[in-house]
Amino acid sequence: MSHELPKAYDPSEIEERWADTWVRERLFDVAADSAAHASSASFTELLPPPNVTGRLHMGHMLNHTEMDILTRWHRMRGDLTVWVPGTDHAGIATQMMVERQLASEGTSRESLGRVAFEQRVWQWKELYGGAILDQMKRLGASVDWSREYFTMDERLSRAVKEAFVRLYEQGLIYRGAYIVNWDPSAKTAVSDLEVVHEERAGKIYHIRYPLADGSGSIIVATTRPETMLGDTAVCVNPADERYTALHGKRVRLPLSGVHGGPDREIPIVTDDWAKPEFGTGAVKVTPAHDPNDFGIGQRHQLPSLSILDESAHVALPGSAYHGLERYTARERILEDLKALDLLVEVKDHTLSIGTSQRTGVVIEPRLSMQWFLKIEPLAEKAIRAVEEGHIRFTPDQYRKTYDEWMHNIHDWCISRQLWWGHRIPAWHCACGQLTVARETPAACAACGSTAISQETDVLDTWFSSGLLPFTVFGWPEKSLDRDRLYPTQLLVTGFDILFFWVARMIMLGCHFMLEEPMADGSPRTLADSVPFREVYIHGLVRDADRQKMSKTKGNVIDPISVIERFGTDAVRFTLASMASPGTDIAFSEERTDGYRAFANKIWNAARFVFMQAQRAQEAGVAIHLASLPAALQAGLDEPLETRWILTRLHQTAGTVEQALGNYRFDEAANAIYQFFWGELCDWYIEIVKLRLEFGEGADLAAAGRALHTLLAVLEAALRLLSPFMPFITEEIWHALWSLCGAPAAPAKSIALTRYPQPADASADPASVAAMEQLQQMIVAIRAARKESGVPEKEAVPVRIFGAEDVVTLTQANTGLLARLARVSEVSYASAALTGEGTRSTAHFDIAVVYERQIDVAAERERLTKELAKLEKGLAAAEKQLGNEAFMAKAPAHIIEGLRKQSAETKMLYDKTRAAMDALPTL
RNA sequence: GGGCGGUUAGCUCAGUUGGUUAGAGCGCCUGCCUUACAAGCAGGAUGUCGGGGGUUCGAGUCCCUCACUGCCCA
């Protein structure tokens, strides 16, 4: 009993079934020892770990589609292929999520306490953390689930601790009070990268500060008047002559008195940072709340006065503003300044404001004690790794972006004041000693006190994810995985995490792995220390109008819902076909609909082939599926269409091979699309119908050969397509192998078969030229028929004029002309054909013999247009050929080509002219 | 302010080191239910390659400039 495909293509049923099967059968797991012994090339990829709180969006879908195409391609080429999935604990995001949940229950993390809160987050993770990976399975991602990780896993946590301690021991981690970006909502420091700068309309205020000696005043300009409570100086440019007389004087800072005491006196200092042309040329200096002012403060030994607490409320006991939120404080201060007549001017001003990437609130620069990673020694190696070509970027332009950033990098603030994350392995003692250790110490290393407490800060999430390329393979332990799978081959990601993640992995990978010997014990070079050898950066998925998707705009496309409507295969193919390196993707449903139609086309082509196989078997023709590889090799005695389709398969495999090697998903997808639909379905299947004659007296041997070619080409085309459309190809492929009732497919999955290589199919370039000639002729006849008003079904006689090769070709393929162009009879003319119902090319003329009148006016219009076009081409060619410089300098093949083309154009022009003249005048 | 892209058919995009008369999909127009597929088949229309200048025998492709537009960094 042969496997029958249902008449209707229904992706949802097929896809869910196979997605489950692939995971259940663990098809893409690679055992560690098989990895060690494999002699083939390895292809390892790390999935950019989605946040455990995440939901799949179109960006993931693009990323996963591209990675999966490459993974499946490499696997089918026989490489040792490992794609490692996992999720990121996502410090702030997850903590916020759980805190929100707690709030809805009327409680908070503070009332729960740290330990209980952490437990609560783990519970949350167990319940909801798998959502995004479940969604991934629906995409068909062929990952190695046996290697799945979570960044807070015991094993990875140990590695994180080890990395931290080593960096500390190497003097690369230090702790200190600096101005950091403070998120007053999450109440934690964040790194420079987590601050999003945006332009906002604001105001600049000119405020008069009276001189302490009563001799006058100085006017400072500021966009943040509330910070004046923390001013410890006023600064002017030393070269600014307006203020020379004030150098060294002091001002009395308005509103700064506490407990009814006097206002503070602060000095006027000179520093180049004050720009004479900005505002009044005099700026207030608030070292505790502005990074630039902090610099001035350090240069002039000014005190730092913190006046805002961790939630950005004024913290200045005894002050009238104590306890006010920062913007309320601003209003009150402005009112009071006005009342004192100290607010000189208020002007509109566009200011660049930093907001928190996670919470969206305005970042408050704040002086606080934090842990930093000294970045320059790491950056140096990371720069060199790319410079020396150990890591290649595609598109190449990102190399420059990377380089630029790496050269202007600042120390990385790695501590976060959160409860969810890798807690920093450092212990404080009352004696002031800090103990950094791999294992929890029993006592203070300096004074022996057991009253030590662990640092409350946790590490930036990106610190642990930056280590992943080696920690997932077991670092710091030695392991087979590490020897065999590091460095990974490729990283596929969006540019948005180029700095967050890609750059950090490079720095940390080069730093840590350089110390690790190779599998054979030899020292590792920088080339083998890199976390990956290639980085492919894809664009953004936008909506159909090229708008960025955002929740506020309400134009977010949910991949799962699109998948439900069109099928995963169609969505994958859409993304692949539009994924041209360096460009964003405007995701359109119309286009997706088109690729669902493509899937449907494939489905029906398969149904057709299977029906033919059934017919053949009923007629007693045996089908030998084992002979399919041999059927891809055709001798010159095979029919033209056989040699042609095999040649095209050969060429298409080559195009796809090259395209995928260059990350040209679009070219690869389009080549397969064109081959499958435009050639296999539109031409080959139509032609082969002629051969599939299993009736009485038919040539069953020839029909059997044609059927085997058809089966072989279909089977190869499915393999070619399977990385792009894994589900439908899997379904049809299995159906194909059960055709003869022999249920043994050569593999558990099409994904575990061999990817078609050009040499798998024989190539006969002459067949392509001949076939093109025939195609042109058929198209010409169809057009002429239409123009003469021949009903679709009616067969008509055709006259042909052409050289001997044309005659030979048509004579050998009359059946083909009859079937595809409904030609009842061919006769040959001895002279060029003109007149009604005629079509000409440079090589032949055809005329349909049909008595009905054609639309002379329309025909005249068509010919006129045609003539104009030919004339233009002819003129251009003649001008070129008449150009002595061109003739002298252009390469021979160009000249030759142009000559040939010019001659053909001339011939066609004459024919068209004649056809025009032959039209009856009105 | 510094840097990097983009501008090609109605729409979304290709166009390899400059080389013959610029392509695809969708959409549009016309005719067909030809039993694998109407989610289809066949035929057809559509471009001063953003403007200007330059290099070259030859420019969509290289250079300069202007305009518009997007992004990154400060």
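Below, chain A is the first sequence line, B the second, and so on; all start at residue 1.
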A:Glu667 vs A:Met611, nearer the 5' end of RNA chain B by closest nucleotide
A:Glu667
What about the rings of A:Phe598 and A:Phe724, do their centers lie closer together than 6.0 Å?
no
So if I define the base as every atom that isn't primed, P, OP1 or OP2, how would nucleotides 56-64 of chain B read as a B/S/- string at a heavy-atom cutoff under 4.0 Å?
-B-------
Need one value for A:Leu870: base, sugar-phosphate or nothing, where a base atom within 4.0 Å counts as base even if backbone is also close, heavy atoms only.
nothing
Checking B:U12, B:A14, B:G44 against the side chain of A:Met578 (C-beta onward), the nearest is B:U12
Contiguous Watson-Crick or G-U pair runs (3 or more, under 3.5 Å) in RNA chain B
B:1-7 with B:67-73, B:10-13 with B:23-26, B:28-32 with B:40-44, B:50-54 with B:62-66
Is the shortest heavy-atom distance from the side chain of A:Arg691 to the side chain of A:Gln612 under 4.5 Å?
no
Is the distance between the ring centroids of A:Tyr595 and A:Phe573 under 6.0 Å?
yes
B:G6 and B:C63: how far apart are their P atoms, nearest whole angstrom?
11 Å
Measuring only the P atom in each nucleotide, how far is B:A45 from B:U7? A whole number of Å is fine.
27 Å
Could you tell me whether the side chain of A:Arg572 reaches within less than 4.5 Å of the side chain of A:Met61, counting heavy atoms only?
yes
Should the pair A:Arg648 and A:Trp683 be classed as cation-pi, given the thresholds of under 6.0 Å to the six-membered ring centre and 45° from the axis?
no
Is any side-chain heavy atom of A:Ile778 less than 4.5 Å from a side-chain heavy atom of A:Leu816?
yes
Look at the aromatic rings of A:Phe393 and A:Tyr402 and report parallel, tilted or perpendicular, splitting at 30° and 60°.
tilted
Below 4.0 Å: OP1/OP2 of B:G3 and any side-chain N or O of A:Thr401
no
Tell me what A:Val609 touches on the nucleic acid: a base, only sugar-phosphate, or nothing, going by heavy atoms under 4.0 Å.
nothing
What are the atom names and distances for every N/O pair under 3.5 Å that joins the protein to nucleotides 38-41 of chain B?
| unit_1 | atom_1 | unit_2 | atom_2 | d |
| --- | --- | --- | --- | --- |
| B:A39 | O2' | A:Asn600 | ND2 | 2.9 |
| B:G40 | O3' | A:Lys601 | NZ | 3.0 |
| B:C41 | OP1 | A:Lys601 | NZ | 2.7 |
| B:C41 | OP1 | A:Trp677 | NE1 | 2.6 |

Looking only at atom C1', what distance separates B:G58 and B:G54, rounded to whole Å?
15 Å
Sub-4.5 Å side-chain heavy-atom contact between A:Phe665 and A:Tyr663
yes
Phosphate oxygens OP1/OP2 of B:A14: is one of them under 4.0 Å from a side-chain N or O of A:Ser580?
yes
Using a 4.0 Å heavy-atom cut-off, does A:Ala605 contact any base of the nucleic acid, only the sugar-phosphate backbone, or nothing at all?
base
Testing the basics here: between A:Pro11 and A:Phe566, what is the closest heavy-atom pair and its distance to 0.1 Å?
CG-O, 4.1 Å
Mind checking if A:Thr583 touches a base, just sugar-phosphate, or nothing, with heavy atoms under 4.0 Å?
sugar-phosphate
Does A:Lys869 reach a base, just sugar-phosphate, or nothing at all? Heavy atoms under 4.0 Å.
nothing
Taking CZ from A:Phe610 and P from B:A36, how many angstroms apart are they, rounded to a whole number?
15 Å
Check every strand shown and say whether A:Arg664 touches a base, only sugar-phosphate, or nothing at a heavy-atom separation below 4.0 Å.
sugar-phosphate
Short side-chain N/O contact to B:C11 OP1/OP2 from A:Arg542, under 4.0 Å
no
Can you check the distance between B:G60 and B:G19, where both ends of the measurement are the C1' atom (answer in whole Å)?
13 Å
Tell me, yes or no, whether the heavy-atom count around A:Arg399 atom CZ, taken from other residues, nucleotides or ligands under 6.0 Å, exceeds 12.
no
Give a yes or no on whether a donor-acceptor pair under 3.5 Å exists between the nucleobase atoms of B:A36, that is its base, and the side chain of A:Glu686.
yes
Judged by nearest nucleotide, the residue sitting upstream toward the 5' end of RNA chain B, A:Gly897 or A:Phe495, is A:Gly897
Touch check for A:Arg607, heavy atoms < 4.0 angstrom, all strands: base, sugar-phosphate only, or nothing?
sugar-phosphate
If you measure from the P atom in B:G47 to the same atom in B:A24, how many Å do you get, rounded?
14 Å
Look at the side chain of A:Arg822 and decide which nucleotide, out of B:C73, B:A42, B:U34, has an atom nearest to it.
B:U34
May I ask you to check whether A:Tyr673 and A:Ser577 show a side-chain donor-acceptor distance below 3.5 Å?
no
